[in-house]
Student: 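Below are the structure tokens for one structure; questions will follow.
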2 protein chains.
Amino acid sequence: MSHLNKTIKDVAKHANVSVATVSRVLNNLDRVSDKTRKKVKKAIEELQFVPNSLAASMITKQTKMIATIVPNIQNSFYTSVIQATADVAKAEGYFTFVFPTNDSVEEEEAFFQGVLSKNVEGIVLVGTQTNPDAYKTIDKQIVLVDRYIENSGLDGVVIDNFRGAYEATTHMIEKGHTDIAILSGPTIYSNWKERYWGYQQALKDHGIKANPAYMKEGNWQEDSGYEMTLNLMRMDQPPTAIFATSYILCTYAINAIRDMNLVIGEDISLVGFDENDLAQFIRPKVTVVRRPTYEMGTHAATMLINKLKHKNKLDPHPKKLTLSVELLKNGSVKDLK
Amino acid sequence: MSHLNKTIKDVAKHANVSVATVSRVLNNLDRVSDKTRKKVKKAIEELQFVPNSLAASMITKQTKMIATIVPNIQNSFYTSVIQATADVAKAEGYFTFVFPTNDSVEEEEAFFQGVLSKNVEGIVLVGTQTNPDAYKTIDKQIVLVDRYIENSGLDGVVIDNFRGAYEATTHMIEKGHTDIAILSGPTIYSNWKERYWGYQQALKDHGIKANPAYMKEGNWQEDSGYEMTLNLMRMDQPPTAIFATSYILCTYAINAIRDMNLVIGEDISLVGFDENDLAQFIRPKVTVVRRPTYEMGTHAATMLINKLKHKNKLDPHPKKLTLSVELLKNGSVKDLK
DNA sequence: TTGAAAGCGCTAACAC
DNA sequence: GTGTTAGCGCTTTCAA
């Protein structure tokens with residue numbers, strides 16, 4: 001903020017009008033004569049005046065700023081969401097703070113403190129918390145993405161995790177697999193929990209007893225998928241199929257399988273989550289549960305901005321929008337029949 | 001910005017002190033007795049008061065906000081830079097707007113307008129413009145990343161593109177290759193231009209005449225690398241080696257090569273830029289020019305924030321920081337000797 | 001159609 | 001140590 005910055009006052013003086021008039025021109029308000037308007041615009045031009053929207057915010061109580069909070073900004077799922085919110089925000093004239101929490105509750109809270117004092121109007125949040133009351137004290141509009149919190153009273157955009165996992169597992173079962181492993185992230189989050197449930201339900205519905213040794217829960221971060229896959233394949237009776245329930249887990253599973261000199265779709269069947277470079281590169285392509293990642297972001301951002309625009313007539317009922325998923329059968333599941 | 005928000009005045013009343021005292025406590029200023037401080041803190045707690053840092057900004061001329069502007073937020077190079085600036089900003093108490101320009105000058109300018117009115121203090125910029133005067137009117141601290149503009153008077157963080165390309169090309173030549181193609185992005189940007197120069201210089205220094213038909217310039221976006229690779233390999237005399245000068249170009253080159261049923265390191269040699277999932281997955285691993293992407297971001301953000309902190313004693317000489325690169329010889333270049 | 005003036009929530013002299 | 005007060009740059013009544 002340069003000290004040399006021109007103010008509305010300078011413009012007023014330069015154009016020989018009052019500050020009120022300049023403000024009217026700036027905000028395209030009515031009741032300014034064409035002549036005055038032109039005069040003011042010329043002055044603005046000549047002084048290279050840039051209005052200080054912060055000062056305006058103090059009065060209008062509108063900052064046109066939102067925040068997008070995600071665990072990580074290098075995971076392609078989250079970047080897709082960020083891209084989407086950025087696009088929607090751009091179209092609506094909003095500016096977006098982006099913040100990675102590293103899935104740390106402390107980092108998230110610290111950021112909340114700071115960004116709330118900046119008066120963001122709302123937040124698109126892939127949160128670290130799972131407690132229904134966790135975000136109760138945040139007196140801002142919030143839309144949760146991917147990880148929903150039941151009974152929190154918050155709006156959210158999610159996918160049909162249960163069905164995605166159910167269909168993926170059923171697909172493997174129908175191909176003759178019964179020894180099906182699952183690589184999961186932390187099941188404290190709704191997304192993982194529901195995928196886990198879908199997997200279990202599919203097994204149950206087909207009369208297959210779930211084998212606890214085949215169920216691996218890692219952190220979604222980094223390379224846990226690699227170790228888990230190695231461990232699975234080194235069992236006395238390894239699974240014949242693996243369901244890797246995230247983009248990252250799938251990537252690491254593929255790497256582990258390759259490093260063991262096993263062939264996907266032959267020695268071991270694999271179903272992943274989300275399309276990704278690797279899963280689409282190898283042949284046969286990996287069968288994956290496809291979800292509309294970008295659309296999740298656009299819906300979330302749109303819901304948020306709609307709420308900001310219609311603050312007065314808010315629907316008090318929390319809305320959870322569930323987008324459907326699709327099983328892309330690409331040939332990485334061997335037919336055992 | 002809720003209308004119900006407490007203000008410093010409410011706190012003052014509640015604690016039975018003046019607003020000045022509350023302000024002092026808030027900013028950890030001296031000369032407040034322990035007793036008063038405690039009283040104020042208690043009031044803040046009880047009222048759940050969140051200070052409006054925008055109001056403070058108006059007086060202090062400090063907003064603690066910066067912007068990170070990149071062409072795209074789904075490319076892993078840029079996310080690495082964003083992650084880095086976010087990390088540095090976080091450590092320094094700054095908040096970061098993130099904005100993708102899609103390499104559109106118009107979008108970039110529109111964003112500048114908006115974000116400048118929000119009084120960001122500085123900008124980390126992978127810009128769309130190449131004109132030395134392009135950013136002259138932006139009265140903010142700017143640090144360029146990756147794409148430097150000579151004679152712009154701006155600071156920047158880049159890598160030694162020339163040397164990286166020179167060494168990569170020399171490596172191929174030393175393995176006996178003379179028919180070496182290059183996949184480049186838009187050479188209007190310094191990074192591509194320098195890589196192109198490095199490639200040409202290496203050929204020249206080894207007495208190899210450059211073949212214009214082997215030099216392909218695409219847009220860095222999307223899939224141009226795929227088409228370019230196909231076209232190269234369909235030539236009457238295709239190259240024996242390809243230098244793909246970016247992470248994306250390399251990824252698409254790999255896909256194209258696979259789709260033509262050619263074997264990397266055997267039928268066609270390949271050198272890429274930046275490590276990436278795919279280049280590291282396939283065997284032999286792709287030889288790449290490795291650059292410190294995250295460090296580019298941390299250096300840029302650190303330079304920026306240092307400048308913001310020491311505004312008064314600014315070094316008037318523009319600083320260009322060049323980080324070194326490293327050729328990771330991974331075996332995708334066949335030895336023709 | 002325009003201007004004067006109050007005030008958004010806060011900081012920073014300056015006084016006591 | 002603490003309080004009073006002017007004012008940051010802007011919008012918004014209210015008058016003219």
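So you know, we letter chains A, B, ... as the sequences are listed, proteins then strands, and number each from 1.
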Student: A quick test of your reading: do over 12 heavy atoms of other residues, nucleotides or ligands sit less than 6.0 Å from NZ of K39(A)?
Tutor: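 Buried by this count: over 12 neighbours within 6.0 Å.
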Student: Which part of the nucleic acid, if any, lies within contact of T7(A), taking any heavy atom under 4.0 Å across all strands shown: a base, the sugar-phosphate backbone alone, or nothing?
Tutor: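 Sugar-phosphate, backbone atoms only, no base.
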Student: Nearest whole angstrom, please: distance from the C1' of dC10(C) to the CG of L54(B).
Tutor: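 The answer, rounded to whole Å, is 11 Å.
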Student: Mind telling me whether F95(B) and F111(A) have parallel, tilted or perpendicular rings, with 30° and 60° as the class edges?
Tutor: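 Rings of F111(A) and F95(B): tilted, as their planes differ by 30° to 60°.
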Student: For dT2(C), does either OP1 or OP2 sit under 4.0 Å from a side-chain N or O belonging to S18(A)?
Tutor: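 For dT2(C), neither OP1 nor OP2 has a side-chain N or O of S18(A) closer than 4.0 Å.
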Student: Take D155(B) and K307(B) through the salt bridge (Lys or Arg N to Asp or Glu O under 4.0 Å) test and state the conclusion after the steps.
Tutor: CA-CA 10 Å; D155(B) 287 355; K307(B) 294 207 294 181; 3.2 Å; yes
Student: Tell me the interatomic distance from N119(B), atom CG, to dG9(D), atom C1', rounded to whole angstroms.
Tutor: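 In whole Å, dG9(D) C1' and N119(B) CG are 10 Å from each other.
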Student: For I59(A) and dT11(D), give me the distance from atom CD1 to atom C1', rounded to whole Å.
Tutor: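 The answer, rounded to whole Å, is 4 Å.
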Student: Counting distance only, does the side-chain N/O of R24(A) pair as donor-acceptor with the main-chain N or O of L29(A) below 3.5 Å?
Tutor: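 No.
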Student: T21(B) side chain N/O closer than 4.0 Å to the phosphate oxygens (OP1, OP2) of dT2(D)?
Tutor: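 T21(B) to dT2(D) OP1/OP2: no side-chain N or O under 4.0 Å.
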Student: Step by step, would you call E46(A) with K42(A) a salt bridge (Lys or Arg N to Asp or Glu O under 4.0 Å)?
Tutor: CA-CA 6 Å; E46(A) 286 175 6; K42(A) 186 156 155 274; 3.5 Å; yes
Student: Specify the residues of residues 34-44 of chain A, ordered by number, for which at least one heavy atom lies under 4.0 angstrom from an atom of DNA chain C.
Tutor: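 Here the set is T36(A).
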Student: Just how far, in rounded Å, is P of dC8(C) from CG of N5(B)?
Tutor: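 It works out to 14 Å between those atoms.
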Student: Below 4.0 angstrom from OP1 or OP2 of dT11(D), is there any side-chain N or O of K61(A)?
Tutor: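 No, no such contact exists.
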Student: So, is N52(A) close to the dC8(D) phosphate, meaning a side-chain N or O under 4.0 Å from OP1 or OP2?
Tutor: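 N52(A) to dC8(D) OP1/OP2: no side-chain N or O under 4.0 Å.
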Student: For K9(B) and dT11(C), what is the distance between atoms NZ and C1' respectively, to the nearest whole Å?
Tutor: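 My rounded result for the distance is 15 Å.
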Student: Under 4.0 Å between any heavy atoms, over every strand shown, what does V22(A) touch: base, sugar-phosphate, or nothing? Just pick one.
Tutor: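 Nothing, no heavy atom under 4.0 Å.
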Student: Taking OP1 and OP2 of dC8(C), is either one under 4.0 Å from a side-chain nitrogen or oxygen of T60(A)?
Tutor: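 Indeed not, no polar side-chain atom of T60(A) lies that close.
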Student: Tell me: CG of L26(B) to P of dC10(C), nearest whole Å?
Tutor: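 Rounded to the whole Å, the gap is 8 Å.
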Student: Can you find a side-chain donor-acceptor pair between T68(B) and T85(B) that sits under 3.5 Å?
Tutor: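 A donor-acceptor contact under 3.5 Å links the two side chains.
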Student: Side chain of E121(A), backbone of K64(A): donor and acceptor closer than 3.5 Å?
Tutor: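 At least one qualifying donor-acceptor pair exists.
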Student: So what does A20(B) touch, heavy atoms closer than 4.0 Å: a base, only the sugar-phosphate, or nothing?
Tutor: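 If one applies the 4.0 Å heavy-atom cut-off, A20(B) turns out to touch a base.
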Student: Quickly work out the R24(B) CZ to dC10(C) C1' distance and round it to whole Å.
Tutor: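 One finds 13 Å between C1' of dC10(C) and CZ of R24(B), rounded.
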Student: For M58(B) and dC10(D), give me the distance from atom CE to atom P, rounded to whole Å.
Tutor: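 Computing the M58(B):CE to dC10(D):P distance gives 7 Å.
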Student: More 5' along DNA chain D: A55(B) or V17(B), using each one's nearest nucleotide?
Tutor: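 Here V17(B) is the residue nearer the 5' end.
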Student: Do any side-chain nitrogens or oxygens of S33(A) fall under 4.0 Å of OP1 or OP2 in dT1(C)?
Tutor: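 Looking at the OP1 and OP2 atoms of dT1(C), neither is under 4.0 Å from any side-chain N or O of S33(A).
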Student: Between D133(B) and K136(B), is the closest basic N to carboxylate O distance under 4.0 Å?
Tutor: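 Yes.
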